[in-house]
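These notes are about the structure you will find just below.
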Amino acid sequence: MFVPGGIPLPSKSSARLAALTVAAVCSTVATMVVVPSAAHADTVHIHDIQGTTRLSPLAGQKVTDVAGIVTGVRTYGSSRGFWIQDTAPDADPATSEGVFVFTSTKPTVAVGDSVTVTGTVSEFVPGGTSTGNQTVTEIVKPTITVVSSGNAVPAPVVVDARSVPAAYTPAGDTAASGSVNALTLRPKKYALDYYESLEGMNVQVKNARVVTATDPYTELWVTVKPNENDNRRGGTVYNAYTSQNTGRLQIQSLGAVADFPTANVGDSLKGATTGPLDYNQFGGYTLVANELGTLKQGGLKRETTRKQSRNELAVATYNVENLDPSDGTFAAHAAAIVNNLQSPDILSLEEIQDNNGATKDGTVAADKTVKKLIDAIVAAGGPAYDWRSINPVDLADGGEPGGNIRQVFLFNPARVSFTDRPGGDATTAVGVTKDHGKAALTLSPGRIDPANAAWTNSRKPLAGEFVFRGKTVILIANHFASKGGDQGLTSQFQPPARSSETQRHLQATAVNTFVKDILKVQKNADVITLGDINDFDFSGTAKLLENGHALWSAIKSLPKRERYTYDYQGNSQVLDQILISPSIRRGRNFDYDSVHINSEFNDQISDHDPQVLRYQP
């Protein structure tokens, strides 16, 4: 499971963490501190407040009698307030005509009210300055006067494929550590500049296709560019750092939670979805809807892979998302393994928790968790899998505190045998030796270089030796460090920093080195490295795993638009991979399938799609 920051996500109602002005920075939870400058601005228009950059030229100053029509009211959470929009816009496309008025308590205005607002201009950073997020220009500590009610709301700006530029963003100002905050907006050239030029304004999308399913926080993502890196199931594929998919836009609602559409990828919001354009911690630019389009279902179905032939070894990787005995998803996971994955011969499972889940009491054994899953598979009509794993040191492998997640091999003993070599434990490193002229593991199962700093607070790779139809296959099960701490695509820093890569690069190097050790002993050894790599097929992590042609990511055998295992913020992307040694790739007798059963659906049992490799040894 990808968790930004490497810890459970905070609730969205607690997201108002920090405010930035030209005078002061405050990072106190749910508190806004503004230190006004001595200057005092005369009555101004909203476009004067917004200015032509991301930072208001009046930040920290008091403004008087700012006029506008209320276009949206937010009555919930810690970001209570309302949006106003000027009815007398200027001619500059870089200056927004809308702004958010932060009231902190439930607002007393209504949509259509004509108001004047006196208050202090502030730049608020959703999530705090450490996130690298852009700022939202606001008026805080307001005094509000309702001039009249029942007025027409300014006509929305229609956001569509023609209005959103193809280029994503300029490079940040090197004099400001890569920040784009002070750069003059060029909304006709860059998508992020275009969205920023509409911050706080009434906007609209029409007949928009859903590209990330409705999540537990009552939000979804659409695209206004239906042909932008689209795939056959309705998603938008992320296939390069320079191709961020500019048509993606998050949708939330100002209405009742119960009225929000429950959508899957490939569905669409027919008609108009209209409301103020916000910017938040969890996805950046967001249309907060007063009016939601009508959900039209696309009829997306969960995929089923084909059954392996008698001569094919089927190997799968599946992140089961913090599975512990208290979960209610065992039957669903079992049905997916038996029916959708067609009972692979070997399963590498990630995020198997210990026997009491996220309870910090020293428990590390996971035999009850695994047995419950195996029993559920049998009940679903699948094979009676056997299993191998190694218990971690308590609290040493990251993930949900107390859960002690680890990788586990399941294998069908009617089809595959496991070569047991004793001595493997949480801290002992597995090595490679020669046995009758062939590469063999010194421990099976065993952990790869567990003392290496690359695995600090992260899962250690699990290596195991299997035999299928007389042929030895060495598997390495992985769960690399998460992307926690990386700056988002809509960060003020462009290109955004990917700080979490540092650890994954060290991890990839360690695994690649181990695979090379195997291939030095036996050049034609069958080695499969698989799991939740937490990085893209085009990433530096993947390149380091493949270094020296020791491995090759088999998902690259699929067309580019079919390469994805995970859906995040409107981007269908690769996090899970199965990499194969040259002997398997050269034979060209392998078949790869990313089996889409979770990531595109609102009722997912895991946030990852499993991957299956079939080949004839």
Side-chain angles (χ1 to χ4, degrees), residues 2-5 9 12 15 54 125-136 159 164-173 177-181 183 185-187 189-199 210-212 215 217 219-225 228-230 235-252 265 277-287 482-501 504 534-541 563-575 599 607:
F2 166 51
V3 182
L9 290 173
K12 299 219 171 179
R54 286 170 166 79
V125 185
T129 55
S130 63
T131 64
N133 283 334
Q134 295 183 50
T135 64
V136 179
V159 178
V164 181
Y168 192 67
T169 181
D173 184 356
S177 301
S179 174
V180 297
N181 274 346
L183 300 181
L185 298 176
R186 290 185 279 178
K189 186 170 184 179
Y190 298 112
L192 286 193
D193 286 8
Y194 172 72
Y195 290 126
E196 177 63 22
S197 75
L198 301 176
E199 179 193 271
V210 175
V211 289
T212 291
D215 67 18
Y217 302 104
E219 59 195 14
L220 56 80
W221 287 72
V222 299
T223 182
V224 299
K225 293 186 173 184
E228 185 178 48
N229 293 317
D230 59 315
T236 296
V237 178
Y238 183 53
N239 54 31
Y241 288 125
T242 55
S243 180
Q244 300 93 335
N245 294 318
T246 61
R248 298 172 299 112
L249 192 61
Q250 187 171 224
I251 305 293
Q252 295 177 343
V265 169
L277 188 65
D278 194 18
Y279 181 95
N280 65 45
Q281 176 185 356
F282 301 95
Y285 295 104
T286 300
L287 194 164
S482 82
K483 290 182 175 292
D486 287 2
Q487 293 169 351
L489 292 182
T490 59
S491 168
Q492 66 162 293
F493 300 104
Q494 295 293 333
R498 300 186 297 270
S499 59
S500 69
E501 279 186 340
R504 286 194 302 281
N534 260 320
D535 223 335
F536 315 120
D537 51 315
F538 54 81
S539 67
T541 303
R563 298 177 193 172
Y564 63 97
T565 75
Y566 191 85
D567 202 14
Y568 183 67
Q569 295 185 353
N571 277 329
S572 298
Q573 56 198 255
V574 170
L575 291 186
S599 67
D607 47 356

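Bear in mind the structure is a predicted one, so any value in this text is a computation, not a measurement.
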Next item on the list: With side-chain contact (heavy atoms from CB on, under 4.5 Å) as the test, would you mind laying out the steps for N571 and Y564 before giving the verdict?
Entry: CA-CA 9 Å; N571 277 329; Y564 63 97; over 6 Å; no

Checklist line | Residues R54, L192; criterion side-chain contact (heavy atoms from CB on, under 4.5 Å); working and verdict | finding: CA-CA 10 Å; R54 286 170 166 79; L192 286 193; 3.6 Å; yes

Next item on the list: Dump the intermediate steps for side-chain contact (heavy atoms from CB on, under 4.5 Å) on E501 and D535, then the final yes or no.
Entry: CA-CA 8 Å; E501 279 186 340; D535 223 335; 4.2 Å; yes

Note to self: Checking Y238 against L489 for the side-chain contact (heavy atoms from CB on, under 4.5 Å) test, could you report, in this order, the C-alpha distance in whole Å, the side-chain angles of both residues, the deciding distance, and whether it holds?
What the structure shows: CA-CA 12 Å; Y238 183 53; L489 292 182; 4.0 Å; yes

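T490 and Y279 are linked by a side-chain donor-acceptor pair at a separation below 3.5 angstrom, with hydrogens and angles left out of the test. Side-chain polar atoms of E196 and Y285 form a donor-acceptor pair below 3.5 angstrom.
Of the inter-residue distances, the one linking N229 atom CG with T246 atom OG1 reads 9.5 Å to the nearest 0.5 angstrom. Distance CD/Q244 to CD/Q494: 7.5 Å, rounded to 0.5 Å. Expressed to the nearest 0.5 Å, how far CG of L249 lies from CH2 of W221 amounts to 7.5 Å. Atoms CG and OH, on D607 and Y566 in that order, are 4.5 Å from each other to the nearest 0.5 Å. To the nearest 0.5 Å, atom CG of residue D278 and atom CD of residue Q250 are 9.5 Å apart. Remark: T286 OG1 to Q281 CD distance equals 11.5 Å, nearest 0.5 Å.
Side-chain contact between N245 and V211 is absent, with no heavy-atom pair separated by less than 4.5 Å. Side-chain atoms of T131 and P126, non-hydrogen and from C-beta on, never get closer than 4.5 Å to each other. D193 is listed as a side-chain neighbour of P170, based on a closest heavy-atom distance under 4.5 Å. Contact of the L575 side chain with the N534 side chain is registered, since non-hydrogen atoms from C-beta on lie closer than 4.5 Å. Two residues are said to be in side-chain contact when any heavy atoms from C-beta on lie closer than 4.5 Å; V574 and F538 fail this criterion. Using a 4.5 Å cut-off on side-chain heavy atoms (C-beta onward), K483 and S500 make contact.
Ring orientation note: the planes of F282 and Y217 are close to parallel, at an angle under 30° on the 30°/60° scale.
Within the cation-pi definition used here (under 6.0 Å to the ring centroid, within 45° of the axis), R498 qualifies as a partner of Y241.
Between P187 and S197 the shortest heavy-atom distance is CB-OG, 3.6 Å. Across all their heavy atoms, V224 and V159 have their closest contact at CG1-O, 3.6 Å. Residue P165 comes nearest to K189 through the heavy atom pair CB-O, 3.3 Å, listed as atom of the first residue, atom of the second, then distance. The nearest pair of heavy atoms linking S491 to G132 is OG-O, 2.9 Å.
Shown here are the side chain to side chain donor-acceptor pair (under 3.5 Å) partners of S179, two or more places apart in sequence or in another chain: Q492.
Remark: side-chain polar atoms of D486 are paired, donor with acceptor, to backbone N or O of S499 under 3.5 angstrom. Looking only at distances, a side-chain donor or acceptor of T212 sits under 3.5 Å from a matching main-chain atom of G570.
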